[in-house]
Peer 1: 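My structure is below; once you've seen it, I'll send some questions.
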Amino acid sequence: MLVPTLPFSDDQAEAFDKASQALAQAGINLTDELLTPPRDDTSSVLAVIGKAGSGKTLLLAHLADALQQIGVELISGDWEGRRRKDRRTLAILAPTNKAASVLRNRGVAATTIHRILYTPVYDPEYEKIAEWLAGQGPRPEIEGLTDQALDRAMAFYQTNKSIPGALASAGLRGSDFITGWKRREDPLDVGLIDEASMLDERQYEDLKEIFPTLLLFGDPAQLAPVNQSGGMVFDKLPDPRKMVLSRVHRQAEDNPILDLAHALADPELEFQQFERMIEDAARRDERVEYAGRVTSDLMARSPVLVWRNATRIRLIHAFRAAYDAPPDALLPGEPLICDGLELPLKHRKKRLDLEARGLIKGAQVIYMRPGSKPGFSRLHVMGAEDPQVGAASIIKIEMPDEEEPFIPFAAHMGAAFLHGAAVTIHKAQGSQWPTVQVFGPDLYAAARSGRNEAGQPLWKRLAYVAITRAEEKLIWVTRYRLSKPTAPLSTADLEVAPAALALEPQADDETA
């Protein structure tokens, strides 16, 4: 076994060894640092499962590092160089942009599942730049691009390893160098999938088609996808194919947020007892707060987590009222959640463009300003590598006690958005924020309902997922009250030089 930089716990070391054995059977020998060409007759799926703090991400990072050290090529989804028959490849994936960004913030080069399923088609002229950046070709001479622009692209790529970002730093837009998107036809090799509890059966089958060797990393205590009756894709694997991390890793010890999350495993724990535990933790540690109201200042970047849709809508209207938002427009800085794409089948290319740049269902987005045409918006996609885009937008503001949402403005078709100042705990899975507000009255309502999911009280699963979304601080809100904002909404924190992949249509494409 390769010796990791940080010592593994016993169960992590055992899981690393089992994963190494599966990779060796596929021709990737980590122990001898030996690669053999891929074979067509090998296929395996393994799952590494464990609760928050058990070291799943640490194990994933070490496996990814070990694979790259012996020459396995990392595939990012941005661009792929010339293919060789004997090459071995690795992709590190998550179901959403926000989940992928959590890994990237920890130094793991992750991308979304969608960016691997659909790959960009580059203009041949600009593919020369990509080959040069990746060390597969000579420095190109491109009409209209100066040496200084190419130098900027190389400097960006050496730091970020993003071809689109590097090209954008040279002054190009995505529409300049990406001519379209296509479904991946050729299989890859090894896939490491984080947040595997979020996978539905269709995504799982897609991944098995692409990756002969698939390692799933998931938390069995989270909420299963809504269409899978409480089950997760790794539940069906035989026990020898599941590696369970049961010990809380030492870096996660003395963390009051994780202590609260793990306390939910006690079958005797009742909701009122749990709230007293939160109150006690708040007295001892500033990383937990027991609050009598929602803090409106936080809602623009990290939504309040709720169980019921009615609560979500009430909090969104309270947020908009607190900031004096007009009923027929959005303020710059308002948060949105992508609710899917309202495009007919004939606009398949536009759909791929939007999805590939992060506008997939559930994506967290910040409204920046109106776009260049009525119904279009400039948006910042949270967690995306190239976050600022322009898109045809259909904005829906849901109204209390009304079935139909109010639509302040809309293009004929495009990306649909709901307001994002509050979201359901289900939709928050895979995301993390430095500070998270959890709306306690909704969890109490779930406890009173007596509902169960996969043999556990629903309120405990909801509380576990909600609490573990907090990276640094947990605020447990106890009442239906909202604080006044201390400052107007702003986009100043997002105004960084983005890799501007423009999605706004040309004059002949107004309907997309």
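Heavy atoms only: backbone and side chains are in, while hydrogens, waters and symmetry mates are out. The shown structure was predicted, so the numbers you read here are calculated from the model rather than taken from an experiment.
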Peer 1: Residues two or more places apart in sequence or in another chain: which of them pass salt bridge (charged side-chain N to carboxylate O under 4.0 Å, His left out) with Arg469?
Peer 2: none
Peer 1: Between Lys51 and Asp219, is there a side-chain N and carboxylate O pair less than 4.0 Å apart?
Peer 2: no
Peer 1: Is the backbone N or O of Arg115 less than 3.5 Å from a side-chain atom of Thr112, with the two atoms forming a donor-acceptor pair by type?
Peer 2: yes
Peer 1: Between Ile337 and Val365, is the side chain to side chain contact (heavy atoms under 4.5 Å, CB included) condition met? List the steps.
Peer 2: CA-CA 6 Å; Ile337 299 292; Val365 174; over 6 Å; no
Peer 1: Out of Val438, Thr424, Leu458, which residue meets the side chain to side chain contact (heavy atoms under 4.5 Å, CB included) rule with Trp307?
Peer 2: Leu458
Peer 1: Which residue, Glu131, Lys128, Glu125, forms the side chain to side chain contact (heavy atoms under 4.5 Å, CB included) with Pro140?
Peer 2: Lys128
Peer 1: List for me each residue that meets side chain to side chain contact (heavy atoms under 4.5 Å, CB included) alongside Lys473, sequence neighbours excluded, and say none if there are none.
Peer 2: Glu289, Thr435, Ile475
Peer 1: Between the side chain of Gln68 and the main-chain N/O of Ala64, is any donor-acceptor distance below 3.5 Å?
Peer 2: yes
Peer 1: Do NZ/NE/NH1/NH2 and the carboxylate oxygens of Arg287 and Asp285 come within less than 4.0 Å?
Peer 2: yes
Peer 1: Quick check: closest heavy atoms across Ala110 and Ala100, and the distance to 0.1 Å?
Peer 2: CB-O, 3.9 Å
Peer 1: Do Ile425 and Val306 pass the side chain to side chain contact (heavy atoms under 4.5 Å, CB included) test, and can you show the C-alpha distance, the side-chain angles, and the key distance before you say yes or no?
Peer 2: CA-CA 6 Å; Ile425 294 168; Val306 305; 5.9 Å; no
Peer 1: Go through Arg301 and Asp493 one step at a time and tell me if the salt bridge (Lys or Arg N to Asp or Glu O under 4.0 Å) criterion holds.
Peer 2: CA-CA 10 Å; Arg301 297 296 179 269; Asp493 59 315; 2.9 Å; yes
Peer 1: Can you see whether Phe16 has Lys18 sitting over its ring - NZ or CZ less than 6.0 Å from the centre and within 45° of the normal?
Peer 2: no
Peer 1: Would a 4.5 Å heavy-atom cut-off, applied to side chains only, mark Ile113 and Leu207 as touching?
Peer 2: yes
Peer 1: A side-chain contact here means heavy atoms from C-beta on lying under 4.5 Å apart; do Ser377 and Arg369 qualify?
Peer 2: no
Peer 1: Will you find, in the side chains of Glu127 and Trp132, an N or O donor that is under 3.5 Å from an N or O acceptor?
Peer 2: no
Peer 1: Go through the steps for Leu35 and Asn29 under the test side chain to side chain contact (heavy atoms under 4.5 Å, CB included), then give the verdict.
Peer 2: CA-CA 6 Å; Leu35 298 178; Asn29 193 316; over 6 Å; no
Peer 1: Tell me the closest heavy-atom pair linking Arg88 and Pro38, and the distance in Å.
Peer 2: CD-CD, 3.5 Å
Peer 1: Shortest non-hydrogen contact from Val423 to Arg312?
Peer 2: CA-CD, 3.9 Å
Peer 1: Can you find a heavy atom in the side chain of Asp11 that is under 4.5 Å from one in the side chain of Val244?
Peer 2: no
Peer 1: Would you find a donor on one side and an acceptor on the other, under 3.5 Å apart, between the side chain of Ser302 and the backbone of Met299?
Peer 2: no
Peer 1: Is Phe234 close to Val48 at the side-chain level, that is, under 4.5 Å between some pair of heavy atoms?
Peer 2: no
Peer 1: Drop me the distance from Gln388's CD to Ile366's CD1, to the nearest 0.5 angstrom.
Peer 2: 11.0 Å
Peer 1: Does Asp32, at its CG atom, have more than 12 non-hydrogen atoms belonging to other residues, nucleotides or ligands within less than 6.0 Å?
Peer 2: yes
Peer 1: Give a yes or no on whether Lys236 atom NZ has more than 12 heavy-atom contacts from other residues, nucleotides or ligands under 6.0 Å away.
Peer 2: no
Peer 1: Does Gln25 reach the main-chain N or O of Ala22 with its side chain, forming a donor-acceptor pair under 3.5 Å?
Peer 2: no
Peer 1: Given side chains that start at C-beta, do those of Tyr204 and Leu214 come closer than 4.5 Å, heavy atoms only?
Peer 2: yes
Peer 1: What heavy-atom pair brings Leu30 and Ser20 nearest, and what distance separates the two atoms?
Peer 2: CD1-OG, 3.6 Å
Peer 1: Return the minimal non-hydrogen interatomic distance between Gln12 and Leu58, and the atom names on each side.
Peer 2: NE2-CD2, 3.7 Å
Peer 1: Atom CD1 of Ile116 and atom CZ of Arg184: how far apart are they, to the nearest 0.5 Å?
Peer 2: 5.0 Å
Peer 1: Quick one, Phe211 and Asp206 - any side-chain contact, counting heavy atoms below 4.5 Å?
Peer 2: no
Peer 1: Can you tell me how far the CG atom of Leu336 sits from the NE2 atom of His419, to the nearest 0.5 Å?
Peer 2: 6.0 Å
Peer 1: Test your reading of the model: is there a side-chain donor-acceptor pair from Lys361 to the backbone of Asp339, 3.5 Å cut-off?
Peer 2: yes
Peer 1: If every non-hydrogen atom of Leu133 is compared with every non-hydrogen atom of Tyr157, which pair is closest and at what distance?
Peer 2: O-CE2, 3.2 Å
Peer 1: Hey, is the main chain of Gly371 close enough, under 3.5 Å, to the side chain of Arg378 for a donor-acceptor pair?
Peer 2: no
Peer 1: If you measure from CG on Leu264 to CD1 on Ile467, what distance do you get to the nearest 0.5 Å?
Peer 2: 5.5 Å
Peer 1: Working to the nearest 0.5 Å, report the span between CG of Leu60 and CG of Leu103.
Peer 2: 6.0 Å
Peer 1: Would you call Ser393 and Tyr367 a side-chain contact if the rule is heavy atoms closer than 4.5 Å?
Peer 2: no
Peer 1: Can you tell if the side chain of His380 reaches within under 4.5 Å of the side chain of Thr491, non-hydrogen atoms only?
Peer 2: no
Peer 1: At what distance, to the nearest 0.5 angstrom, does CG of Asp194 lie from CD1 of Ile92?
Peer 2: 10.0 Å
Peer 1: When you compare the side chains of Gln69 and Asp65, does any donor N or O come within less than 3.5 Å of an acceptor on the partner?
Peer 2: yes
Peer 1: Please enumerate all residues that pass side chain to side chain contact (heavy atoms under 4.5 Å, CB included) together with Thr213, with sequence neighbours excluded.
Peer 2: Leu23, Ala26, Ser44, Val190, Leu215
Peer 1: For a side chain to side chain contact (heavy atoms under 4.5 Å, CB included) check, start with the C-alpha distance between Arg87 and Ile75, then their side-chain angles and the critical distance, and finish with the verdict.
Peer 2: CA-CA 11 Å; Arg87 76 169 183 167; Ile75 302 296; 3.9 Å; yes
